[in-house]
> 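If you scroll down you'll find the structure; I have some questions about it.
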Amino acid sequence: MWPFRRKRRSDVRTGAALAPTAAERRAFDRVHRWYYDTQVWRHTTYRGIPIQKWVGDLWNYQEILEALRPTLVVEFGTNAGGSALWFADTLERIAPPASVLTVDVNGEKCNEVTKSDPRVERMVLSSIDPVVATRVRDRRALRPGPVFAILDSDHSKAHVLAEMESLRDVLVTGDVLIVEDGNVNGHPVFPTFGEGPLEAAREYARRHPDDYARDAAREAKFGFTFAPEGYLFRR
């Protein structure tokens with residue numbers, strides 16, 4: 001039996017996660033490594049298109065989107081386009097006519113369904129190209145409102161840090177930034193990856209300690225996350 005504690009009634013009602021014990025953290029890490037190492041995430045699809053995310057994070061995202069009601073989702077890292085389509089469908093039900101701006105240096109992998117979706121704007125270039133930040137500003141000017149941004153492209157520390165810096169003057173108080181895949185480099189998976197998104201988020205926090213508040217409760221809600229220290233809310 002896994003060493004999970006019985007929740008207090010108030011915790012069940014609010015959905016708040018109790019701080020895990022050391023035994024619970026070890027259990028969650030085992031599941032996390034199983035989920036990652038068996039590559040279940042590589043074979044997870046949405047409408048038949050690969051989405052490559054931990055389903056607990058996806059559930060968290062839709063809860064955040066419901067509360068935030070953004071006018072725009074900015075996604076760095078399109079890949080096959082499953083997550084861009086998921087965001088577009090979710091926004092249509094929560095906050096129409098919100099839309100998605102997805103950016104990837106390689107446009108060839110994107111599924112034709114996502115390519116042809118009018119709710120999804122694609123940019124095929126590096127996410128740190130200044131043109132991207134300009135486009136986000138232009139989109140905000142056309143339709144003001146909160147932005148939900150998610151970083152899921154090149155996972156090297158240098159690139160993720162550059163992405164965060166590029167958005168510093170674009171995101172404003174109340175916006176949300178998700179830094180995905182900080183679980184690599186031994187946090188707790190893929191220990192040989194090298195410095196990645198988690199190290200970038202920590203470096204950014206050292207440089208700009210007042211920019212974001214971290215939502216650790218969100219990270220812990222479903223036991224683990226692919227975005228440790230990566231649920232960030234702009235102050």
Side-chain angles (χ1 to χ4, degrees), residues 14-17 41 44-47 49-104 110-111 113-114 117-123 127 132 135-137 139-153 163-164 167 170-183 197 201 211-235:
T14 62
W41 54 279
T44 302
T45 61
Y46 176 70
R47 291 176 55 182
I49 304 171
I51 193 167
Q52 297 193 0
K53 296 190 187 299
W54 156 232
V55 292
D57 284 326
L58 285 174
W59 199 267
N60 260 331
Y61 298 163
Q62 64 85 21
E63 289 187 353
I64 294 171
L65 293 171
E66 172 67 32
L68 186 66
R69 300 297 177 100
T71 57
L72 179 65
V73 165
V74 177
E75 176 188 56
F76 288 175
T78 309
N79 200 10
S83 55
L85 193 62
W86 182 89
F87 279 118
D89 284 351
T90 303
L91 288 172
E92 185 173 354
R93 289 159 178 78
I94 290 174
S99 57
V100 178
L101 174 64
T102 186
V103 184
D104 200 304
C110 188
N111 188 278
V113 174
T114 303
D117 195 307
R119 303 166 301 175
V120 178
E121 177 184 350
R122 297 170 57 243
M123 298 183 75
S127 54
V132 175
R135 182 58 182 153
V136 177
R137 290 191 190 93
R139 292 287 299 267
R140 295 200 85 149
L142 288 170
R143 192 161 186 270
V147 168
F148 178 102
I150 182 166
L151 311 185
D152 188 22
S153 61
E163 289 179 327
M164 296 182 74
L167 292 173
V170 177
L171 301 184
V172 301
T173 299
D175 290 343
V176 173
L177 176 65
I178 306 294
V179 181
E180 284 209 328
D181 294 287
N183 57 342
D211 279 7
Y212 293 100
R214 174 189 169 196
D215 191 344
R218 277 283 177 199
E219 297 172 26
K221 183 166 185 176
F222 298 109
F224 67 89
T225 176
F226 274 19
E229 300 183 32
Y231 279 75
L232 306 176
F233 292 74
R234 188 63 189 260
R235 291 189 173 105

> Walk me through whether Arg218 and Ile64 qualify under side-chain contact (heavy atoms from CB on, under 4.5 Å).
CA-CA 9 Å; Arg218 277 283 177 199; Ile64 294 171; 3.8 Å; yes
> Please check if any side-chain donor atom of Arg143 sits under 3.5 Å from a side-chain acceptor atom of Ser99, or the reverse.
no
> Would you say Leu232 and Met164 make side-chain contact, with heavy atoms under 4.5 Å?
yes
> Please determine, by modelled atom types, if Tyr212 and Asp175 share a side-chain donor-acceptor pair under 3.5 angstrom.
no
> Please evaluate residues Glu219 and Thr225 with respect to the criterion side-chain hydrogen bond (donor to acceptor under 3.5 Å, both in side chains), reporting the C-alpha separation (whole Å), side-chain torsions for both, the decisive distance (0.1 Å), and the verdict.
CA-CA 6 Å; Glu219 297 172 26; Thr225 176; over 6 Å; no
> Quick check for you: to the nearest 0.5 Å, what is the distance between Asp89 atom CG and Arg47 atom CZ?
4.5 Å
> Taking all atoms of both residues into account, what is the closest heavy-atom pair of Asp104 and Thr78, and its distance?
OD2-N, 2.9 Å
> Is the shortest heavy-atom distance from the side chain of Tyr231 to the side chain of Asp57 under 4.5 Å?
yes
> What's the verdict on side-chain contact (heavy atoms from CB on, under 4.5 Å) for Val170 and Arg137, showing C-alpha distance, side-chain angles and the deciding distance?
CA-CA 6 Å; Val170 177; Arg137 290 191 190 93; 3.8 Å; yes
> What's the verdict on side-chain contact (heavy atoms from CB on, under 4.5 Å) for Arg139 and Val74, showing C-alpha distance, side-chain angles and the deciding distance?
CA-CA 10 Å; Arg139 292 287 299 267; Val74 177; over 6 Å; no
> Which atom pair, heavy atoms only, marks the closest approach of Leu85 to Thr114?
CB-OG1, 3.9 Å
> List the steps, then state whether side-chain contact (heavy atoms from CB on, under 4.5 Å) holds for Tyr61 with Thr90.
CA-CA 10 Å; Tyr61 298 163; Thr90 303; over 6 Å; no
> Determine whether the aromatic ring centres of Trp54 and Phe222 lie less than 6.0 Å apart.
no
